[in-house]
Q: 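Would you mind keeping the following structure in view while I ask a few things?
These numbers were taken from a predicted model, which means no experiment stands behind them. Atoms within a ligand are numbered from 1 in the order they appear, just like the ligands themselves.
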Amino acid sequence: MAGALTEEFNPAPLVAPTRLTPRASFLKGRHFLSVNDLSTEEIEQLFDLTREIKLGKAQNVASGKCAALLFEKPSLRTKLSFSVGMSRLGGQALYFAKEEVGLGHRESVKDAARVLSRMVDVIIIRTFDHRNIVELAHYASVPVINALTDLEHPCQALADFYTILEYRSETRGQKLVYIGDGCNTAISLMLLAPRLGTHFTLACPPGYEPPAPLIAQARELAAWHSTTFEISHDPVAASNDADILYTDVWTSMGQEDEKAKRLADFAGFQIGAKTLREAKEDALILHCLPAHYGEEITEDAVDSPQSGIFDQAENRLHVQQALLAAVL
Ligand code: CP
Ligand code: NVA
């Protein structure tokens, strides 16, 4: 009798999940033009989904679906990661270079949005003027994802903070020092950092700060989330006690005419021996790539054991695959 009872009474072990597995499509139909388009909770859910995808859990959610990649600027990582991500989800990606679509020239942004929406399931676009992407999203009935504009690089920032999370297990309380131009990459990072509890310092030459309204927004977010936001013109002093040193090219795509002036103005705004000496001993080195050795970063810094740069590049794939799974 006692034996029979033991056999019948065989409860499953009580294992409480720390967080429910996020479902694919939890952002179904949503655009992602700016880091501001996702709530902090949605970003955390996206990181959970990324973790699962990186562990190889199948998400065949794009079967029979198609992404259009409209790229008006060159790309290695973004084009590759969205294409591979879409294919790993069981779908496919079609790439269009600038001259093929002629957005705003051969065809209005409005008409391109309406035609694309009839044939594809998601539009991924890299363009110059951020207003193009806003207009495209306005007229598109499928999700539009910002693959970089002159104003923001939000997919990059997602992958960057996911990488920080992997290295540090926590984004809260980290001091991120960004050395370089107040460009698209810096803007997406400075707007996202406070919401993930990260202190943010931008070290740039005078005159290379992001637009004033965005600085005001970053300050307000930092105050709200009790993080710090600073702008410095001294890269070495700014690097003091940094947990993370981050940089990007001094001359972004589309600014080639300013290259000579920028080379002079940015001298010293580099991740290298001087700034690394000031940062914490185990400071994580990040760069969105492509890198220009000897300008914004030394080759030694890229190759250093402290560098997380190639994990960061790889994470573009996992985070964007999760983003695709979420919006499709
Ligand atoms: N970091 C980044 O967006 O790289 P690509 O310009 O090569 O896509
Ligand atoms: N700020 C750079 C990022 C490249 C990924 C650019 O816009 O060219």
Q: Using a strict cut-off of 4.0 Å, indicate which atoms of ligand 1 neighbour a heavy atom of Gln156.
A: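 Answer, ordered by atom number: 1 (N), 2 (C), 3 (O).
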Q: So, Asn146 side chain and Leu33 main chain: donor-acceptor pair closer than 3.5 Å or not?
A: yes
Q: Should Leu148 be listed as contacting ligand 1, given a heavy-atom distance under 4.0 Å as the test?
A: no
Q: Answer side chain, backbone, both or neither: which part of Arg126 comes under 4.0 Å from ligand 1, heavy atoms only.
A: side chain
Q: With respect to Asp248, determine whether any N or O atom, backbone or side chain, lies less than 3.5 Å from an N or O atom of ligand 2.
A: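 Yes; the residue has a nitrogen or oxygen that sits under 3.5 Å from a nitrogen or oxygen of the ligand.
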Q: Relative to Phe128, does Lys73 satisfy both conditions: NZ or CZ under 6.0 angstrom from the six-membered ring centre, and within 45 degrees of the ring's axis?
A: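 Here Lys73 passes the 6.0 Å and 45° test against Phe128.
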Q: How far is atom 7 (O) of ligand 1 from its nearest protein heavy atom, and which residue and atom is that?
A: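 Of the protein heavy atoms, Leu76 N, 2.6 Å lies nearest.
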Q: Please determine if Leu289 has a nitrogen or oxygen closer than 3.5 Å to a nitrogen or oxygen of ligand 1.
A: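 Among all N and O atoms of Leu289, at least one is under 3.5 Å from an N or O of ligand 1.
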Q: Below 3.5 angstrom, do we get any N/O pair linking Lys79 and ligand 1?
A: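 No - when backbone and side-chain N and O of Lys79 are compared with those of ligand 1, no distance drops under 3.5 Å.
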Q: Cation-pi check, Lys79 to Tyr95: give yes when NZ or CZ is under 6.0 Å from the six-membered ring centre and within 45° of the ring axis, no otherwise.
A: yes
Q: Mind telling me whether Tyr208 and Phe266 have parallel, tilted or perpendicular rings, with 30° and 60° as the class edges?
A: tilted
Q: Which pair of non-hydrogen atoms, one from Ser75 and one from Arg126, has the smallest distance, and what is that distance?
A: CB-NH1, 3.4 Å
Q: Contact between His153 and ligand 1, counting heavy atoms under 4.0 Å?
A: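 Contact present.
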Q: Check this for me - ligand 1, Pro290, N or O atoms closer than 3.5 angstrom, yes or no?
A: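 No - when backbone and side-chain N and O of Pro290 are compared with those of ligand 1, no distance drops under 3.5 Å.
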Q: Looking only at protein heavy atoms, identify the closest one to atom 4 (O) of ligand 1 and say how far it is in Å.
A: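 Heavy-atom neighbour on the protein nearest atom 4 (O) of ligand 1: Arg77 NE, 2.8 Å.
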Q: With heavy-atom distances below 4.0 Å as the criterion, list the atoms of ligand 2 near Cys183.
A: 1 (N)
Q: Do NZ/NE/NH1/NH2 and the carboxylate oxygens of Asp48 and Arg51 come within less than 4.0 Å?
A: yes
Q: Taking atom types as modelled, is there a side-chain donor on Thr185 or Gln156 under 3.5 Å from an acceptor on the other?
A: no
Q: For ligand 2, find out whether one of its N or O atoms is nearer than 3.5 Å to an N or O atom of Met253.
A: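 Between Met253 and ligand 2, an N or O pair is found under 3.5 Å apart.
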Q: Who's the nearest protein heavy-atom neighbour of atom 2 (C) of ligand 1, and how far?
A: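 Scanning the protein heavy atoms, the shortest distance from atom 2 (C) of ligand 1 goes to Arg316 NH1, 3.3 Å.
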Q: So which heavy atom in the protein is nearest atom 7 (O) of ligand 2, and how far is it from that ligand atom?
A: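 Ranking protein heavy atoms by distance from atom 7 (O) of ligand 2, first comes Asn184 ND2, 2.9 Å.
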Q: Do we see a donor-acceptor contact under 3.5 Å between the side chains of Asn184 and Glu152?
A: no
Q: Taking non-hydrogen atoms only, is Thr78 closer than 4.0 angstrom to ligand 2 via side chain, backbone, both or neither?
A: neither
Q: Any side-chain donor paired with an acceptor under 3.5 Å for His199 and Glu230?
A: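 No.
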Q: Taking all non-hydrogen atoms of both residues, which atom of Leu69 and which atom of Ser83 are closest, and how far apart?
A: CD2-OG, 3.6 Å
Q: Does any N or O of ligand 2 fall below 3.5 Å from an N or O anywhere on Lys73, backbone included?
A: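 No, since none of the N or O atoms of Lys73 sits under 3.5 Å from an N or O of ligand 2.
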Q: Find all atoms of ligand 2 within a distance of less than 4.0 Å from any non-hydrogen atom belonging to Leu289, and give their numbers and elements.
A: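 Selected atoms, number and element: 5 (C).
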Q: Testing Gln320, Arg316, Gln321 one by one against Ser81 for a side-chain hydrogen bond (donor to acceptor under 3.5 Å, both in side chains), which residue passes?
A: Gln320
Q: Pick one of side chain, backbone, both or neither for how Ser252 approaches ligand 2, counting any non-hydrogen atom pair under 4.0 Å.
A: both
Q: Just which atoms of ligand 1 are under 4.0 Å from any heavy atom in Thr78?
A: 2 (C), 3 (O), 5 (P), 8 (O)
Q: Whether the side chain of Thr163 engages the backbone of Ala159 through a donor-acceptor N/O pair (distance < 3.5 Å, no angle test) should be reported.
A: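 Judged by distance alone, yes, a pair lies under 3.5 Å.
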